[in-house]
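The figures that follow rest on heavy atoms only: side chains count, while hydrogens, waters and symmetry mates do not. If you're wondering where the values come from, they're calculated on a predicted model, not measured in any experiment.
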Amino acid sequence: MKVVIAGAGEVGTHLARMLSNEDHDIVLLDDSPERLSRISNEVDLMTIVGSAHSFSDLKKTDLAKADLFIAVTPFEERNVLACAMASYLGVGRTIARINNQEYLQEKYRAKLNNMGIHELIYPESLAAKEIVASVKQTVTRQSIEFSNGKLLLLGIKVRDNAPVLDQSFENLAVEHQHLLVVAIKRNNETIIPIGTDSIQSGDVVFVVTTPAEQHNVFDLMGKKQFDVKNIMFLGGSRIAQKACEKLGEHYRIKVIENDREKCEQIADKFGHVLVINGDGRNLDLLKEEGIEKMDAFVATTGNSETNILGCNLAKTLGVKRTVAEVENLAYMKLADNTGIGSIINKKLIAASYIYRFTLNAEISKVKCLTASEAEVFEFIAKPGARITQKPVKDLDFPAESKIGGIIRGNMGYIAHGYTHIQEGDKVVVFTLPAGIRKIEKFFK
């Protein structure tokens, strides 16, 4: 597939790296020779210096022969205009990065589609959803819903008190058919387990289960859910503001922000949020504002180091749930190893969302698992697809991948060896990068 990306910022360059690993023909357009030079030293792609809203520069990318155009510059208006221009020049499909919730309203979507803007992505809003999910699901590192919660993927850190320790997966499958362990992250390595493997203390275990059975999973993993009422945000970024909006008035929220003007804007926007103007790195200020009484601490400043340190400080002061926005990819493993409850990275979230449009199989969802190279997909089984031909145990499915469950109609089911996938089923698949192209063939 030929893909043209306009914008060599963090999202655009991360996406270029991700897609280059899949042998796509990538063209990256940006008006900064310096940014293009940095990425061209790392990734095999074509770079073009030019403007995303110039017809002549867009033509240099040979858009008429491209399958996908992705506009992810920092400027929303430029992205929307660039997609409309790219459609006019003959590209197959367009995706625009936006930062305005209005564009996502249904009444405007048809109009935008007529203008040639086929898909919209709002990374800050997607990141805010992750924060809300992390605050509500307090015992997991990561929680992903499929088909509006009919199936769940839970990433759980296992400690010494877990009843499930040292049980082989063969025995676990017999005794606990309400769950399926699809992967284990151990010592920074992601493992697809086999029957003789077992869970060890310190593992992050990725489990597929149903909503009705998730509390049984928590019991097996030695986890106790607790309610969150008091939340402190370090930094009043757009992500923090979207999270406050999505959390609503059911929580007591404090936001600590160093910029006075931004404080006033947030206070005017959210009547239920208490806004404090001050430096969130100041321990005395945090104590004065009652950090030790908080149930959750969410760090969303523009600085990854500050967010990591802030969450670790909150943990030492007794805060049970911590969430850190870590945009510097080099710090992801470091942050994960410090035991922060959840890590948010909008580049990974945005790239996962866009990535599904580069695959030939029909996909309703794809998520990149934080601090892991693995992905989880929700495929739709097409008529006559290879996945529907045999029971799961006879499919010769790639060793790098694992089928976790299926959604059939209004019900979610854990996948077992005898499960026979049918046309129209939504199939949850966990995979390492080496398995992506292999599993795609099963769903074409």
Side-chain angles (χ1 to χ4, degrees), residues 10 123-143 155 157 226 228-247 251-260 262-263 265-266 270 273-350 370-371:
E10 291 184 330
E124 287 77 10
S125 181
L126 295 174
K129 285 181 182 177
E130 297 273 336
I131 289 172
V132 172
S134 296
V135 167
K136 291 181 176 180
Q137 185 59 275
T138 55
V139 298
T140 62
R141 288 294 181 93
Q142 193 161 14
S143 176
K157 180 88 171 204
F226 61 90
V228 169
K229 293 294 182 185
N230 301 298
I231 307 170
M232 180 179 285
F233 280 83
L234 177 60
S237 64
R238 284 192 305 188
I239 292 176
Q241 292 179 48
K242 290 302 299 180
C244 290
E245 179 185 311
K246 293 176 188 298
L247 286 165
Y251 300 86
R252 291 185 286 273
I253 301 173
K254 281 188 179 182
V255 175
I256 298 180
E257 168 56 50
N258 210 22
D259 185 302
R260 185 171 184 82
K262 189 179 287 186
C263 285
Q265 292 171 354
I266 298 169
F270 302 105
V273 174
L274 178 60
V275 186
I276 310 298
N277 180 217
D279 188 345
R281 296 170 297 182
N282 184 328
L283 179 57
D284 291 335
L285 174 64
L286 292 176
K287 286 185 174 181
E288 185 180 322
E289 295 303 328
I291 187 172
E292 292 155 304
K293 297 178 183 178
M294 293 293 144
D295 303 306
F297 181 87
V298 183
T300 53
T301 74
N303 186 288
S304 296
E305 298 98 314
T306 298
N307 294 341
I308 294 169
L309 291 171
C311 282
N312 279 289
L313 176 60
K315 282 181 61 184
T316 64
L317 294 172
V319 181
K320 292 182 180 178
R321 187 61 170 171
T322 53
V323 182
E325 180 192 358
V326 181
E327 294 302 332
N328 188 328
L329 292 172
Y331 293 144
M332 292 288 284
K333 287 183 179 178
L334 170 65
D336 190 51
N337 289 335
T338 62
I340 293 171
S342 287
I343 299 166
I344 306 297
N345 182 293
K346 68 174 182 285
K347 294 190 291 292
L348 295 178
I349 295 168
T370 307

**Student:** Evaluate side-chain contact (heavy atoms from CB on, under 4.5 Å) for Ile266 paired with Phe233, printing each intermediate quantity in order.
**Tutor:** CA-CA 12 Å; Ile266 298 169; Phe233 280 83; over 6 Å; no
**Student:** Sequence neighbours excluded, which residues qualify as side chain to side chain donor-acceptor pair (under 3.5 Å) partners of Glu289?
**Tutor:**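 Expected list: Lys254.
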**Student:** Quick one: closest heavy-atom pair of Ser342 and Thr140, and the distance?
**Tutor:** OG-O, 3.9 Å
**Student:** Which heavy atom of Ser134 sits nearest a heavy atom of Arg321, and at what distance?
**Tutor:** O-NE, 2.9 Å
**Student:** Kindly compute the distance separating SG (Cys263) from CD (Gln265), expressed to the nearest 0.5 Å.
**Tutor:** 9.5 Å
**Student:** Can you give the donor-acceptor pairs under 3.5 Å from side chains of residues 290-300 to other protein atoms, not counting sequence neighbours?
**Tutor:**
| unit_1 | atom_1 | unit_2 | atom_2 | d |
| --- | --- | --- | --- | --- |
| Asp295 | OD2 | Lys229 | N | 2.9 |
| Asp295 | OD2 | Asn230 | N | 2.9 |
| Thr300 | OG1 | Gly235 | O | 3.1 |

**Student:** Hey, could you give me the CG/CG distance between Leu348 and Asn345, rounded to the nearest 0.5 Å?
**Tutor:**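 Output value for this atom pair is 4.0 Å.
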**Student:** Which pair of heavy atoms, one from Ile239 and one from Lys346, lies closest together, and at what distance?
**Tutor:** CD1-CD, 4.1 Å
**Student:** Assess the residue pair Val139 and Gln137 against the criterion (side-chain contact (heavy atoms from CB on, under 4.5 Å)); give the C-alpha distance rounded to whole Å, side-chain angles, the decisive distance to 0.1 Å, and a yes or no.
**Tutor:** CA-CA 6 Å; Val139 298; Gln137 185 59 275; 3.9 Å; yes
**Student:** Donor-acceptor pair, Gln241 side chain versus Gly236 backbone, under 3.5 Å?
**Tutor:** yes
**Student:** Thr306: which residues meet the side chain to side chain donor-acceptor pair (under 3.5 Å) condition with it, sequence neighbours left out?
**Tutor:**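 Here the qualifying residues are Asn303.
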**Student:** Determine whether more than 12 heavy atoms belonging to other residues, nucleotides or ligands lie under 6.0 Å from atom NZ of Lys315.
**Tutor:** yes
**Student:** Below 4.5 Å, heavy atoms only, C-beta onward: do Met232 and Val319 meet side chain to side chain?
**Tutor:** no
**Student:** Scan Thr322, Ile340, Leu317 and name whichever one has a side-chain contact (heavy atoms from CB on, under 4.5 Å) with Asn312.
**Tutor:**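 With Asn312 as partner, side-chain contact (heavy atoms from CB on, under 4.5 Å) holds for just one option, Ile340.
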**Student:** In Å, rounded to the nearest 0.5 Å, how long is the span from CG of Leu247 to CD1 of Ile253?
**Tutor:**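 Result: 5.0 Å between the selected atoms.
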**Student:** Rounded to the nearest 0.5 Å, how far apart are CD1 of Ile344 and CG of Leu126?
**Tutor:**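 The CG atom of Leu126 is 11.0 Å from CD1 of Ile344, to the nearest 0.5 Å.
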**Student:** Among residues at least two apart in sequence or on other chains, which ones pass side chain to side chain donor-acceptor pair (under 3.5 Å) with Ser143?
**Tutor:**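 Counting only residues at least two positions away or on another chain, Ser143 forms no side chain to side chain donor-acceptor pair (under 3.5 Å).
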**Student:** Quick one: side chain to side chain donor-acceptor pair (under 3.5 Å) partners of Lys242, sequence neighbours excluded?
**Tutor:**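 Applying side chain to side chain donor-acceptor pair (under 3.5 Å) to Lys242 gives Gln101, Glu245.
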**Student:** Any idea which heavy atoms bring Ala335 and Val326 closest together, and the distance?
**Tutor:**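 Scanning both residues, the minimum pair turns out to be CB-CG2, 4.1 Å.
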**Student:** How long is the straight-line distance from CD1 of Ile256 back to CZ of Arg281, given to the nearest 0.5 Å?
**Tutor:** 12.5 Å
**Student:** Under 3.5 Å, side chain of Asn307 to main-chain N/O of Ala324, donor-acceptor pair present?
**Tutor:** no
**Student:** Got more than 12 heavy atoms from elsewhere within 6.0 Å of CZ, Phe270?
**Tutor:**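 Yes, CZ of Phe270 has more than 12 neighbouring heavy atoms, counting only those of other groups under 6.0 Å.
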**Student:** Run the salt bridge (charged side-chain N to carboxylate O under 4.0 Å, His left out) test against Arg141 and tell me which residues pass, sequence neighbours left out.
**Tutor:**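 Here the qualifying residues are Asp336.
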**Student:** Minimum heavy-atom separation for Ala128 to Ala243, with atom names?
**Tutor:**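 Where Ala128 meets Ala243 most closely, the heavy atoms are CB-N, 3.5 Å.
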**Student:** Decide yes or no for Ser125 and Lys246: does some side-chain heavy atom of the first lie under 4.5 Å from some side-chain heavy atom of the second?
**Tutor:**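 Yes. Closest side-chain heavy atoms under 4.5 Å.
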**Student:** At their closest point, which heavy atom of Asp279 faces which heavy atom of Asn258, and how far apart are they?
**Tutor:**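 Minimum heavy-atom separation between Asp279 and Asn258: N-OD1, 3.6 Å.
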**Student:** Take Lys129 and Ile349 through the side-chain contact (heavy atoms from CB on, under 4.5 Å) test and state the conclusion after the steps.
**Tutor:** CA-CA 10 Å; Lys129 285 181 182 177; Ile349 295 168; over 6 Å; no
**Student:** For the CD atom of Glu257 and the OG atom of Ser237, what is their distance to the nearest 0.5 Å?
**Tutor:**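 Here the interatomic distance stands at 8.0 Å.
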**Student:** Indicate yes or no for a side-chain donor-acceptor contact from Ser304 to the backbone of Glu327 under 3.5 Å, with no hydrogens or angles considered.
**Tutor:**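 Indeed, once roles are kept as given, a pair shorter than 3.5 Å links the two residues.
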